[in-house]
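In listed order, ligands and their atoms are each counted from 1. Keep in mind the model is a prediction, meaning the values are calculated, not measured. The first residue of the sequence shown is numbered 1, and numbering continues consecutively from there.
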Amino acid sequence: MSDFSTEFSGNLRRAGVVGAGGAGFPSYVKAQGRAEYALVNAAECEPLLKKDQKILEYFPEKVFDGLELLMRATLASRGLVGIKKKHEKLIWRLEEIAKGRRNVSVLKLGDYYPAGDEQCLVLEATGRVVPPGGIPLDVGCVVSNVETLYNASFAPKPVTETFITVNGAVKNPATFRVPVGVTWAEAAELCGGFTVKAPVYIDGGPMMGKVMTDFDVPVVKASAGIIVLPRGHPLIVKKAQSRPIFSRIGRSVCDQCSFCTEFCPRYLLGHNVQPHRVMRSLLFSGGPEHKLHSQYALLCCECSLCSLYSCPEGLNPREVCVSAKADLRELKTGFKNSALNDGKQPQPHPVRDFRKVPVSKLVKRLGLADYNRDAPWSDAVYKPLRVRIMMSQHIGVPCVPSVKEGQRVEKGAVAGDVPSGKLGCPVHASITGTVGKVNDKYVEIIA
Ligand code: SF4
Ligand code: SF4
């Protein structure tokens, strides 16, 4: 590593910068790699979420600053901001800024789902396919989310706030910043409250997000936003199906039409993901046949397209894939040691471009047309009375609290850190106050 890489990755770690698109991967690790391309993932293809667009609209220079730092650290000779071409006005502005930066340009993407899948983005940007079971760095790319680079531009200043969109069944959908550790109930209240009785929400977007019923859950650094919906909305009902239910229905209804596979974005990249074959695993309660069919799920990125768009029978192949992968983990089978690992470099499917799913069609299929509104930027400053700083806000080892009950802390102080040598980074107090409860899950701070 160059001196600059060492310094920059150290700053990212100290600042607690993690992938802010939902994954929470510690960014300092990416800054230690060597790449040709540094890609900004600004596709934001989860319907109804707007935070990346708004960050680029209101703070574009900071995102470009973060990109340049990442390029310098990884020795990337090209920087590309991948954004959907429908954002014409914003693209015009980004292109103006890019003119003043070295080797940085804007990559215009179609309005399809999942344009923001990092492996799809790599293909669009470079024509390269990430090898099965690999990562973008294997083909010379480092991919970062918009907010991640915004945060990186301030490192080592600690990450104490996060950008979120609250959309769906709230009075005034909005995109704004909140201190890390406020609750989703507070965030929804800032949007004028709910417009439906019995609201629930999807944390992280309608496609890949998780259905949640408890609004008292704290916002974390990797939070992107929530979609509030009535409890009986068909999308909620489908996403909340339990394993016995989707297995029983799938076993009896799947006619092996293979639409789920034909539209699967990873299959279209050339990876051997075949959800229709995974559906066959439902016919076996275990044993070699179950294992054989389950392996076709190993490269699934859990994008949900098969369950929420492709399957004409309304089945849930995505959840079957998720369960199949969990079963294989128990058997210590990953892609590398699976029967499907033939070592061949995949080629994109010849009709891939014609099978991209337009987001407008997807929104209708999801039953979200009535909720598909803008979530305008609000710069109102919210001062909470209490925050809970979660110890696990990233991929890796959870933090261990580094403060004690009754202790006074300043905003930005380290509230928890991971043991030395382990994957992860610290979490920080997002407000000044007195430490209330401390346990292995969170540190509470009272203003
Ligand atoms: S699309 Fe649906 S019915 Fe067709 S193979 Fe896939 S899961 Fe079965
Ligand atoms: S969720 Fe379905 S469509 Fe998406 S990658 Fe997995 S198998 Fe393919």
Side-chain angles (χ1 to χ4, degrees), residues 22-23 43 45-47 112-123 129-136 202 204-211 234-235 238-241 243 245-284 290 292-329 334-335 338 340 346 348-349 351-352 354-359 361-362 365-366:
C45 55
E46 278 281 1
Y112 67 91
Y113 181 86
D117 172 60
E118 67 174 12
Q119 300 204 4
C120 292
L121 181 63
V122 166
L123 177 65
V129 178
V130 176
I135 57 171
I202 305 175
M207 294 300 285
M208 295 186 75
K210 197 172 165 205
V211 174
L235 179 60
K238 176 83 180 270
K239 285 179 80 78
Q241 266 181 356
R243 186 169 184 176
I245 299 286
F246 65 70
S247 300
R248 182 168 51 78
I249 301 173
R251 189 162 47 237
S252 50
V253 176
C254 178
D255 59 9
Q256 289 291 290
C257 70
S258 81
F259 279 20
C260 49
T261 297
E262 295 301 329
F263 281 93
C264 169
R266 290 294 175 96
Y267 170 77
L268 293 169
L269 277 183
H271 287 182
N272 201 355
V273 185
Q274 299 195 50
H276 76 287
R277 292 200 181 201
V278 186
M279 293 300 283
R280 293 182 202 163
S281 71
L282 297 175
L283 300 171
F284 307 91
H290 180 81
L292 176 74
H293 297 301
S294 296
Q295 290 179 87
Y296 290 95
L298 282 166
L299 298 174
C300 162
C301 66
E302 303 177 15
C303 74
S304 294
L305 206 57
C306 50
S307 290
L308 300 178
Y309 182 85
S310 318
C311 178
E313 307 289 351
L315 305 183
N316 217 335
R318 186 248 197 201
E319 293 308 322
V320 179
C321 287
V322 171
S323 311
K325 287 195 286 182
D327 292 347
L328 290 171
R329 268 198 302 278
F335 180 76
S338 77
L340 302 186
H349 197 289
V351 298
R352 176 176 178 268
F354 303 100
R355 295 223 183 118
K356 290 174 176 170
V357 172
V359 172
K361 269 176 102 174
L362 183 60
R365 189 71 64 87
L366 296 173

Hey, are the side chains of Leu269 and Pro346 touching, using non-hydrogen atoms and a 4.5 Å cut-off? no

What are the atoms of ligand 1, with element, lying closer than 4.0 Å to any heavy atom of Pro312? 1 (S)

Look only at the side chain of Arg365 and the backbone of Tyr309, and say whether a donor-acceptor pair between them is shorter than 3.5 Å. yes

How long is the straight-line distance from SG of Cys311 back to CG of Leu305, given to the nearest 0.5 Å? 11.5 Å

Please identify which of these residues, Lys238, Glu319, Arg318, meets the side-chain hydrogen bond (donor to acceptor under 3.5 Å, both in side chains) condition with Ser304. Arg318

Any luck finding a side-chain donor-acceptor pair between Asp327 and Ser294 under 3.5 Å? no

Considering only protein heavy atoms, which is closest to atom 8 (Fe) of ligand 2, and at what distance to one decimal place? Cys264 SG, 2.3 Å

Identity and separation of the nearest protein heavy atom to atom 6 (Fe) of ligand 2: Cys300 SG, 2.3 Å

When rounded to the nearest 0.5 angstrom, what distance separates CG in Leu308 from CE in Met208? 11.0 Å

Looking at Leu299, is its backbone amide N or carbonyl O close enough to the side chain of His271 to form a donor-acceptor pair, meaning the two atoms are under 3.5 Å apart? no

May I ask you to list the atoms of ligand 2 that are less than 4.0 angstrom from any heavy atom of Arg318? 1 (S)

What is the closest protein heavy atom to atom 5 (S) of ligand 2, and at what distance does it sit? Cys301 N, 3.4 Å

If you scan protein heavy atoms around atom 4 (Fe) of ligand 2, the nearest is Cys303 SG, 2.4 Å

Hey, which atoms in ligand 2 end up nearer than 4.0 Å to a heavy atom of Pro265? 3 (S)

What do the steps show when you test Gln256 against Arg280 for side chain to side chain donor-acceptor pair (under 3.5 Å), and what is the final call? CA-CA 8 Å; Gln256 289 291 290; Arg280 293 182 202 163; 2.7 Å; yes

Give me the nearest non-hydrogen protein atom to atom 2 (Fe) of ligand 2 as residue plus atom name, then the distance to 0.1 Å. Cys306 SG, 2.3 Å

Apply side-chain contact (heavy atoms from CB on, under 4.5 Å) to Arg248 and list each qualifying residue two or more places apart in sequence or on a separate chain. Ile245, Arg251

Is the backbone N or O of His276 less than 3.5 Å from a side-chain atom of Ser258, with the two atoms forming a donor-acceptor pair by type? no

Sorted by chain and residue number, which protein N/O/S atoms are under 2.8 Å from atom 8 (Fe) of ligand 1? Cys254 SG

